[in-house]
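Written out below as structure tokens is the structure these notes cover.
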Amino acid sequence: MSSLSMALRLTPYLARSSGSSLRETGLRDAGLPVLAFGTVTALLLTVAGGSQVFWSWSDDIAGTYQALAVVAMVLLIIPLLTLGASAARLAARRRDDRLASLRLLGADSATVVWMTVIESTVLAAVGALAGAGLYACAAPFLGLIQFRGQAIAGHAWLSVPSILGCILAVCVLAAASAALGLRKVVVTPLGVRTRQTADGAHWVRGLIAAVVVVIGVVAMGMLSSFGAFIVIIAVMGGCFGLALLALNLMGPWILRLRASSQLKRAKRPEQLLAARTVLESPKESWRQVGGVAMTSFVGVFVGVGMSVADTMGPGATDETALLVRDINTGVMITLLGSFLMVACSAGVNQAAAVLDRASTLVALDRVGMPRKLMVAARVKAVMSPLVLVAGISAAAAAVLVLPLTGTVLLTQPVVFLTIGGVFAAGFLLVRLAIAAGTAQIGQVLARPERYASMDS
Amino acid sequence: MNAILHAQQLTKHYPGSIALDRVDFTANAGESIAIIGPSGSGKTTLLHCLAGILRPDAGSITLNTPSAPLRLDTLGDAALSRLRREEFGFVFQQGMLLPELTAVENVALALMLNGTDRATSESRGAEWLGALSLAGMEQRRLGELSGGQVQRVAIARAQVTGARVVFADEPTGALDSATSNEVLDVLLRSVAANGRTLLVVTHDPNVAARCQRVVELRDGRIVADSGSALAAPVQPAPATTNFKGAFNV
């Protein structure tokens, strides 16, 4: 019997026997993955619905709108994959006893992988259906948004095949993320443990990122020589992509450097724990805060866009003025979606991390570690990298757009107000999400007997 | 002998069952006590009540401190947490240490939680690890240590603060017999050398036989107590393992 067919036969048995544990451990078992995939799907459908109006146009400027819509979609892909991988790891951990027992009974590694992939996909499907319901509730409000001077109205509604396509895409991504996520988990007959691998946050990442930034700066400096507006927009979009790539390359490496420095200077227990948490996996830390880095990056672009719009003044054509206004609208919507995604990601990651380490937290509580210290360590482990990467990404954006905007950036107070507002909103949302996630600590410690015997 | 921990008429219910049924129990300073009994007999519940982890439904628990007797059953959560940090040490079956910290950081953390500065904490942590034959492994992560070595780190963490009572819940339950003997040896010798009281919950008759006193529970009641008579005296530590001399506790 093949591994897949064995997995297909065994998975329903595990699902059926988990009925009582689902009620008992609710959030840990299925709630978090379903919540994660539901949010992802709702945001994906909202963005897809909102942007499909751009594909209904066929005039000269339609291509610009379509390109910007694609950029907005790209911004959501990385948090989507992060959430998917977290959900997959959570799925493997919640099944640890059963999966280990199956290995003991002779099931091979491939069967266990297939079972986890199937489970993750089923959870993703449930979440995606719930997300589609959420989108249906939001679509009427989405229709009120104006582009090119008109409400998008009925264009906010995706066709049924499109919605099914999005749900299918989320399920496929969940399955892929599950398979990739399982690379970090080893299921043996004696239990499930996280694979200890050296985290490759090497300095070479910084070097490659620097080269990418230089290419971007050179391209931006040559913008005026490109002539056509559409080409300029395309080059700007390309530079935007390069900057995001640079941020992703550089992020884990910078976080590791910063955490190493914080570890040396740590005096209090929460400082020690926070620094070690980041050093444990700089890439994981980056995945949690990387979304806000991109959002901050976009925030700087928004500020600059507004300053450019101000300088166009009465000389600008109606069409160009409308385009600038629509870009601002689009970026603001993308920012909102991005913030929501990052906040959801941070909240789910924190809740998953708390549940994953529940038995250790119970043990630490028993040896007398104050609860507020456990929370403080987790908050610091996220907020410290967050502040760092937001600052760096804003600086990277400023470097890129400086040749375009010149002194406008420095003379328009609204630029700084917008950027400051974007950062403050981002920090606040993530802080609230962490608070929601770490609230699980209280629930874990309120019923320690549930977790005391579990391996961490 | 001086009583350090005294429980009177200790009662604890769980839905549909009684875990402790009017238990009277006294632990004397410097004793090593094994708490044995079948599954569900209430031994872990007794340990948790005595350690201030669980609150009894009725009865009292008194800890004799140098300043004044403390009634654990009347203390709030924060006071109990502080008591567990300062007066008690814990060794669990799986170690329950933090995997992201190094061995010495895990031990030092217990001192840092009590306000000791990091340098002093790590220095004392390293001394303890050295005395428990883990010299040279201070900077290793838990994943790089064997099960027995991890339990030694846990034993060091339990005692580095100068805890007067060490609670151990199946400390050798996850180890093979050879490693189990080795870890138990380290635990008993280090506790005895520092004059601490050890309460160990165990299913293992070999562990019980090594303790000075054995208390047996059944259906939430103490059905046998070997008293303070030494069932198997702890052998004095060899000259090469001078636990007491190594630490300022």
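The chains referred to below are lettered A, B, ... by the order of the sequence lines, with proteins before strands, and numbering in each begins at 1. Quantities reported herein were computed from a predicted structural model and do not represent experimental measurements.
- With a 4.5 Å cut-off on non-hydrogen atoms, A:L364 touches chain B through its side chain but not through its backbone.
- The heavy-atom pair separating A:D365 from B:R84 by the smallest distance is O-NH2, 2.8 Å.
- In this structure a side-chain-to-backbone donor-acceptor pair under 3.5 Å is missing from A:R276 to B:L101.
- Between atom CE of residue B:M112 and atom CG of residue A:L373 there is a gap of 9.5 Å, rounded to the nearest 0.5 Å.
- Between the side chain of B:R118 and the backbone N or O of A:R265 there is no donor-acceptor pair closer than 3.5 Å.
- Using a 4.5 Å cut-off between heavy atoms, B:L109 contacts chain A through its side chain alone, with no backbone atom that close.
- Few gaps surround CG on B:D57; more than 12 heavy atoms of other groups in view lie less than 6.0 Å from it.
- Of all the heavy atoms in A:R366 and B:F90, the pair that sits closest is O-CE1, 3.2 Å.
- Heavy-atom distances place both the backbone and the side chain of A:A266 under 4.5 Å from chain B.
- Heavy atoms of A:R371 lying under 4.5 Å from chain B are absent altogether.
- Top candidate by heavy-atom pairs under 4.5 Å with chain A, chosen from B:L98, B:L80, B:D117, is B:L98.
- Looking at heavy atoms from C-beta onward, B:R141 lies in side-chain contact with A:E280 at the 4.5 angstrom threshold.
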